[in-house]
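Please read all numbers here as calculations on a predicted model, not as lab measurements.
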Amino acid sequence: MVEAINAGLADAMADDDHVLVFGEDVGRLGGVFRVTDGLQARFGQRRCFDTPLAEAGIVGLAIGLSMRGYRPVPELQFDGFSYPALDQVISHLAKYRNRSQGAMPMRVTVRIPSFGGIGSPEHHCESPETYFAHTAGVRVVSPSNPADAYSMLRESIAGDDPVIFLEPKRRYWSRQDLALPVTTEPSDRARVARPGSDVTVVAYGAMVRVALDAAEVAERDGGVSLEVVDLRCLAPLDLDAVLDSVRRTGRCIVVHEAPRTLGLGAEIAAVVQERAFHSLEAPVLRVTGFDTPYPPATLEGVWLPGVDRLLDAVEQVLEP
Amino acid sequence: MVEAINAGLADAMADDDHVLVFGEDVGRLGGVFRVTDGLQARFGQRRCFDTPLAEAGIVGLAIGLSMRGYRPVPELQFDGFSYPALDQVISHLAKYRNRSQGAMPMRVTVRIPSFGGIGSPEHHCESPETYFAHTAGVRVVSPSNPADAYSMLRESIAGDDPVIFLEPKRRYWSRQDLALPVTTEPSDRARVARPGSDVTVVAYGAMVRVALDAAEVAERDGGVSLEVVDLRCLAPLDLDAVLDSVRRTGRCIVVHEAPRTLGLGAEIAAVVQERAFHSLEAPVLRVTGFDTPYPPATLEGVWLPGVDRLLDAVEQVLEP
Amino acid sequence: MAITDRAEAPVAASTLQVLAPDGAVVPGARYPFELSDADHVGMLTAMTVTRRLDGEFVNLQRQGQLALYPSCLGQEAAQVGITSATRDNDWLFPQYRELGAFVVRGVDPAGIGHMWRGMAHGGTGLIEKCCAPITIPIGTHAPHAVGYALGAKFDGVDTVAVTFIGDGATSEGDVHEALNMAAVFQVPCIFVVQNNHWAISVPLSAQTRVTDIASKAAGYGMAGVRCDGNDVLACRVVMRDALLRAREGRGPTLIEAVTYRMGAHTTADDPTRYRSEGELELWRRRDPIDRYRSHLVAAGIWTAQHEERATETGERAAKRLRDEVFDAPMPDPLSVFDHVLSRRSGELERQRRQLARETGRDAT
Amino acid sequence: MAITDRAEAPVAASTLQVLAPDGAVVPGARYPFELSDADHVGMLTAMTVTRRLDGEFVNLQRQGQLALYPSCLGQEAAQVGITSATRDNDWLFPQYRELGAFVVRGVDPAGIGHMWRGMAHGGTGLIEKCCAPITIPIGTHAPHAVGYALGAKFDGVDTVAVTFIGDGATSEGDVHEALNMAAVFQVPCIFVVQNNHWAISVPLSAQTRVTDIASKAAGYGMAGVRCDGNDVLACRVVMRDALLRAREGRGPTLIEAVTYRMGAHTTADDPTRYRSEGELELWRRRDPIDRYRSHLVAAGIWTAQHEERATETGERAAKRLRDEVFDAPMPDPLSVFDHVLSRRSGELERQRRQLARETGRDAT
Ligand SMILES: Cc1ncc(C[n+]2csc(CCOP(=O)(O)OP(=O)(O)O)c2C)c(N)n1
Ligand SMILES: Cc1ncc(C[n+]2csc(CCOP(=O)(O)OP(=O)(O)O)c2C)c(N)n1
Ligand SMILES: [Mg+2]
Ligand SMILES: [Mg+2]
């Protein structure tokens, strides 16, 4: 996935002079995950540059550049270091179009390496999506595979809205044979990642892999058919694919790493029970991280939702 | 309610030398809402003082004071100006007890005049509760009346956890005959504000008044009996009272000012449909602010959930 | 506690001044000889009109037409002096008290009224005049100016970004990050601190330990300069220099304009709770309009006719503002769904239909 | 682009130095004569042990025992010089690279190992030694130190709060807010900037326009002082002065200790991608341990026996660390539910029971 995002950035920069990549260590180093590797060498220091260590300033800078007609693609180095920029996102990035009566769209794509599962210390494994998705005026997307990463990034950069682009670090080293450029479904739409008939499982980011693995096991060991929906876009939510699926299966489980309370599962459960009430054979269940701070690395394996926790929930929703 | 909070602060300061009140304009001016009026005159500049204009710094200061054994009660002047402090809340205030293996509890009560409905300009009418309630490690409470405001504030200040204390500005001027000190239910518990039998309506803050008004009208005009539950504590959620109620009524509506997506209604709907699935006669509905930035003051009346929007939802859940 | 000490001190010696409070040219001052008589007349007219309009905004608020208004009374010289030195395509990033800047730029005051009446966030008619929307969260707009300036630098044009902040704003982290980035990137950005000695009820001495905000520039490796903010010519001179520096690619400047908030913080504020009448009286004697008028009258540039015309212009502007505010139609309720994102999601369309139903409107 | 210019320059003239790189006392230096021979031996021993332990941490990471480790190689003088001047009840607020400070305070290195092994956020055994937990979000701990210092001031004790930050951290808004508040409140707080010239791959010249971080103090009305951070006696002297100032109620100080990060940013980093071998070589010649040893040997304070004993102490400490890290038991999965709040909510109890089921444990 790192290569796909890198290619997405490079192609966007090649296509449009106004695309700028900046952040902490994205220049000469090429980013702590090498996502921006080679961009400074290829496009020069004007197009790809390091900033001082100041996240609010980085997003603020992007807002000003967007006002001047640029398409900034700032990186915030890790999920946990996006929080100092929350005020700039909530008070400005999300509201600028509105406050300017449409005259100042924010063409900003904020890339954030996100989520857990890579054995990192505190603050490097956060799931910040709720903070952004609750904020009207920004789009929040998260790709689960390299093709989507490329395609959704290109679409985000080329679009007219501010996008919070959450990259699942745990999938950074996943590979896929890709002929680039690749265009997948529009990034505001969910996709059925695996069709099935018994239970709808909604996931995004790294949890899509977990859901697909669970579907494999469920099929093989229990003859249970899971339909996996990859959400892709976390805000504004498009739940048509989910609702379609639930109307067929009658059962729904949402999986995410974020703590349960007010994680995306809450919103999805609320919408599904409202709009597919009479189709539901069982309550919508949530398979999530716990309502605790993200644990130290040696415990992330037991903390994070995995195949077993998900299959437990599958069993529960299938109970007569 | 302003008088009740002021008395709560004064009594807490009188009872415990370690209680400190600080923030922007809380000293000589007594706060822009006069909530801290007279505290500096009575307790001196050491106990009640103005800070420079820096919200992250204010919460950071409170964290350090708590480490030194104080019980700081900082004020953030308005909901929209709490966002610069989000990182200090999420990365530190909420995590310090955890990161110190319990050795460093955060005895901090962050007061925030909150929510809309008073005709103020942008950023003065935000509903920030989701940002805080999704964050494991802080309590979030919001009183709906003067007695609760006093009692919950005393309990928050005297407790051993960080509390985000959201004061509904719109109810600041509400009055109640009170003999102080008053002790109401524990502040982590919801309360039935009006018993009823047909539909459970869950509300908090200023929306409790709206729910009670709607209950009045529903009773009078339609013979429909609404049970109003005042949530009081927004995190960690205690939904036992709500579930009890829903198991009796079979119908549930959540009301809040915050935008719908990932507002508290999402979590409540998700829990209710999970834990009272077989009691529900209709989907849990949400009556909320819209998924837009808070509108300019002349439009807040149509934007905010009011009695009519709530009664519409009541009609819907009662449809056969 | 001497919380008003700084506001009561005479404006410090290192502070650039052109006109003494009585309007006389200070010996050895850098007088802006490049200004024509028409320039001078334009500036004093703008100051006069600003004051008249400012008073009208306060009236309108008292009459219940506006929810709130933050008066710029006493700060006309700083705002007009600074802004009149800019080109029309230099971008301004205001806080919320910059009526004088808007008057110079020719922004329709009704657009400002729309903001305070609660009709349109950020005001209307600003962007056309290269003014960013009015910003309320203190200091948060400073990084935007830096970004804008960086873009201008990348574009190879000599456009400058100018951001107005207050003395209180200097305490905010965002302002620090902006100052630092501006210096590191050497962008054409000018930070104008209107040091009006108060941040609501908090005096300068409780905001910062230094008495001289311009001295903060050195820590960023940036030019810093302090001028008498009630001396319109001093403001003009330092701004002219800063603009030149910016246009020549010599980087950002921090300008401290030492002035005074003569009115309440906003119409909702009661300053008698926290500051003395004596302090106010002192600053009344440093009134920026009286000072400039004395000077121009003595120089034979400003006549009774000019005075009359400026007063008339102010009256007309005030009347137009009054009419436009009174006549302003209620915004369409459904407009709350406009400009959230470039297109509405399915959920937002549903919410919009709901409000259309509630308000008896057509949602199509 | 000369991005390494500042790291390659000689340490500037205005920088307080006691020992020249060859260990000779700089003419006219303020030598800390108050230090006993035992003090000197203690400091050099701490530096030697720090370096040995630091190397062991890197080894342990290479062997897969730690997820990550940020080496303090080259910064021993700054950390030991500063910390050895403090009293045991002065509170330290570290960033994440302060092993030398912990060694001086007698923190069990295994507790630091627990942090980097992913067993306990923030490390263990720190608070007992008046050290705040290790903090990763850059600069965010600075306001905590100010709050702690304010509390100490209120308590009327002469305890001081000391916060370690990096050159990169100076760009963060939180650090600015902390510096400003410390100055305004005149609290006993000392900000120690270890200017090691790099913030991961970003050189000082891309972090700030000034070459002298101590110069930032003036803008806050705070004492600022710069010392050679590879000169342990210089660090000790400036810290002694700052502590005295703080204890006497004369307010905060910003100390810039000019040093160099000789290793990678962390074990996950590859510095060859962004900096030159030549620069590193230059700083090798300024090694803080060699310098101090030369001085103490010449002064007859440090003998071969001392050297042997220090090496041995280091070896023992390294072995103990290795054993403790290797033997550390996996934490109990259910411990993730501890210390969230003072008591567990009903929902959290339910989640805990779920994990107990999943891991075959007893939830009671
Ligand atoms: C981030 C933020 N915090 C608090 C406020 C509330 N507030 C509005 S104006 C003000 C004082 C601003 O003082 P200053 O920057 O000196 O500007 P002035 O009002 O004097 O023009 C405060 C605290 C705000 N608007 N934004
Ligand atoms: C708020 C925040 N942003 C980004 C990071 C990622 N990060 C970790 S260390 C570092 C550089 C810090 O440099 P400096 O302050 O000079 O300390 P040093 O590592 O040199 O000791 C960065 C950017 C972080 N930890 N916290
Ligand atoms: Mg001010
Ligand atoms: Mg560094």
Side-chain angles (χ1 to χ4, degrees), chain C residues 1 3 5-6 14 137-140 142-143 146 150 165 167-187 189 191 193 195 199 202-224 226 250-254 256, chain D residues 1 3 5-6 14 137-140 142-143 146 150 165 167-187 189 191 193 195 199 202-224 226 250-254 256:
Chain C
M1 198 188 49
I3 63 164
D5 50 353
R6 293 174 200 183
S14 64
I138 297 295
T140 56
V146 178
L150 184 61
I165 57 176
D167 45 303
T170 62
S171 297
E172 285 281 5
D174 279 22
V175 170
H176 167 73
E177 298 186 7
L179 286 164
N180 185 49
M181 286 196 179
V184 165
F185 295 135
Q186 287 288 291
V187 294
C189 184
F191 299 83
V193 181
N195 173 3
V202 178
L204 186 62
S205 58
Q207 199 66 247
T208 171
R209 178 91 181 157
V210 301
T211 49
D212 171 357
I213 289 175
S215 72
K216 293 180 184 289
Y220 299 98
M222 179 186 298
R226 186 170 215 248
R250 290 186 288 128
T253 302
L254 172 65
E256 176 189 4
Chain D
M1 198 188 48
I3 63 164
D5 49 356
R6 291 174 202 183
S14 64
I138 298 294
T140 56
V146 178
L150 184 60
I165 57 176
D167 45 302
T170 62
S171 297
E172 285 282 7
D174 280 21
V175 170
H176 167 73
E177 298 186 5
L179 286 165
N180 185 50
M181 286 195 181
V184 166
F185 296 135
Q186 288 288 290
V187 294
C189 184
F191 299 83
V193 182
N195 173 3
V202 178
L204 186 62
S205 58
Q207 199 66 247
T208 171
R209 178 92 180 156
V210 300
T211 50
D212 172 357
I213 289 174
S215 71
K216 293 180 185 289
Y220 299 99
M222 179 187 296
R226 187 171 214 245
R250 290 186 289 126
T253 303
L254 173 65
E256 176 188 6

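Summarising the geometry of C:Lys216 relative to D:Asn180, their closest heavy-atom pair is NZ-OD1, 4.3 Å, with the distance given to 0.1 Å.
Within the 4.5 angstrom heavy-atom criterion, only side-chain atoms of D:Gln186, from C-beta onward, approach chain C. Heavy-atom distances place both the backbone and the side chain of D:Ala183 under 4.5 Å from chain C.
Remark: D:Arg209 CZ to C:Met222 CE distance equals 10.0 Å, nearest 0.5 Å.
Not a single donor-acceptor pair under 3.5 Å links the side chain of C:His176 to the backbone N or O of D:Val175. Side-chain N or O atoms of D:Glu177 include one that pairs as donor or acceptor with a backbone N or O of C:Gly173 at under 3.5 Å.
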